[in-house]
Amino acid sequence: GNSVTQMEGPVTLSEEAFLTINCTYTATGYPSLFWYVQYPGEGLQLLLKATKADDKGSNKGFEATYRKETTSFHLEKGSVQVSDSAVYFCALSVTGAGSYQLTFGKGTKLSVIP
Amino acid sequence: KAGVTQTPRYLIKTRGQQVTLSCSPISGHRSVSWYQQTPGQGLQFLFEYFSETQRNKGNFPGRFSGRQFSNSRSEMNVSTLELGDSALYLCASMAERGSPLHFGNGTRLTVT
C-alpha cells in the first residue's frame with residue numbers, strides 16, 4: 001500500500017534559522033508528492049507539489065525536490081519566520097482509473113520563536 | 001471565488017446519537033472528498049464523491065456514510081456515535097483529477 005513517513009515534531013527554531021522536515025514515502029505506482037500546511041483553527045493549504053522525479057516544488061521560500069531514488073520529498077526553507085509556525089504535512093497521491101485520494105504523513109509541528 | 005465551506009464549525013454530540021456534516025465545494029468543483037483528522041491517527045481518507053457517485057471509500061465502518069447532491073454539495077453522516085469518532089472532519093474539493101485539493105476549515109465533532 002501507500003504510506004508517508006515524516007519526522008516527528010515538534011520542531012522549535014529561532015527566527016531566520018534553516019528548516020528541514022524529512023519525508024519519505026512508499027507507493028504502488030508513480031505518485032505525485034505534496035506538502036500541505038495547517039495553521040491553528042484552519043484547514044489544510046497546499047504549500048507546494050511535484051509530479052515527477054527531480055521536479056522541485058517551491059512556494060513562499062519553501063522548496064522540496066522529488067527524489068525517486070531515495071523515495072524522499074524533504075521540505076526546506078532557508079530562513080524561517082514566526083509566521084511559518086504551523087503543522088506541515090507531507091502527502092502523496094497515486095491517481096488510478098478510479099478515484100483520487102491523498103495519503104498523509106502524521107504531520108510535523110513547527111514553532112518559530114523570535 | 002468562495003472557498004470550501006463546512007458547517008457547522010463545532011458540534012457536541014452524545015454517544016449513540018447520529019450527526020450530519022455539510023460541505024459546499026468551490027464553485028465548479030465536482031469532486032468532494034472527506035478526511036478525518038485525529039491526534040492519534042492523523043489524517044485519514046473517508047470517501048470521495050464525483051457527480052453524485054461515490055468513487056472510493058476509506059477503511060471506515062459502515063456507520064460513516066455520505067452523499068453528494070446535483071449541485072456538488074456533500075454531506076457526511078455518522079450514526080451510532082462512539083467516543084472515538086471525536087475528530088476534526090475536513091472536506092476538500094477538486095476541479096479535476098490531479099489538480100490540487102482545496103480544504104475547508106473543518107467541523108470539530110466532540111462525542112461525550
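Values below: all heavy atoms of this structure, side chains included; hydrogens, waters and symmetry mates excluded.
Residue B/Leu101 touches chain A through both its backbone and its side chain, counting heavy-atom pairs closer than 4.5 Å. With a 4.5 angstrom heavy-atom cutoff, B/Gln37 touches chain A only via side-chain atoms. Within the 4.5 angstrom heavy-atom criterion, only side-chain atoms of B/Tyr35, from C-beta onward, approach chain A. When heavy atoms are compared at a cutoff of 4.5 Å, A/Gln38 approaches chain B solely by way of its side chain, counted from C-beta outward. For A/Phe89, the part sitting under 4.5 Å from any heavy atom of chain B is the side chain, from C-beta outward, and nothing else. Contacts of B/Arg9 with chain A are made by side-chain atoms alone, with heavy-atom separations under 4.5 Å and no backbone atom involved.
Cluster membership check: B/Ile12 does not share its hydrophobic cluster with B/Leu83, using side-chain heavy-atom separations under 4.5 Å among Ile, Leu, Val, Met, Phe, Trp and Tyr. Both A/Tyr25 and A/Tyr88 are part of a single hydrophobic cluster, where members link through side-chain heavy atoms under 4.5 Å apart. The cluster map of Ile, Leu, Val, Met, Phe, Trp and Tyr, joined by side-chain heavy atoms under 4.5 Å apart, puts B/Ile26 and B/Phe69 in different clusters. No single ILVMFWY cluster, assembled from side-chain heavy atoms under 4.5 Å apart, contains both B/Leu88 and B/Val111. Linking Ile, Leu, Val, Met, Phe, Trp and Tyr whenever their side-chain heavy atoms come within less than 4.5 Å puts A/Leu47 and A/Leu110 in one cluster.
Distance CD/B/Gln41 to CZ/A/Phe104: 15.0 Å, rounded to 0.5 Å. With rounding to the nearest 0.5 Å, the separation of CG in A/Leu102 from CD in B/Gln44 is 13.5 Å.
Residues B/Ser33 and A/Gln101 fail the side-chain proximity criterion, which asks for heavy atoms closer than 4.5 Å. Counting heavy atoms from C-beta outward, A/Leu44 and B/Leu43 have side chains that approach closer than 4.5 Å.
For the pair B/Pro100 and A/Leu46, the tightest heavy-atom approach, listed with the atom from each and the gap, is CB-CD2, 3.5 Å.
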**Study point:** Derivation and outcome, ring pair (Phe, Tyr, Trp, His ring centres under 6.0 Å), residues B/Phe103 and A/Tyr36
**Key:** CA-CA 10 Å; B/Phe103 284 83; A/Tyr36 278 83; 5.6 Å; yes

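Heavy atoms from other residues, nucleotides or ligands lying under 6.0 Å from CD of A/Glu16 number 12 at most. Atom CG of B/Asn71 has more than 12 neighbouring heavy atoms from other residues, nucleotides or ligands inside a 6.0 Å radius.
Taking chain B as the reference chain and counting heavy-atom pairs below 4.5 Å, the highest number among A/Ala91, A/Gly41, A/Gly105 is found for A/Gly41.
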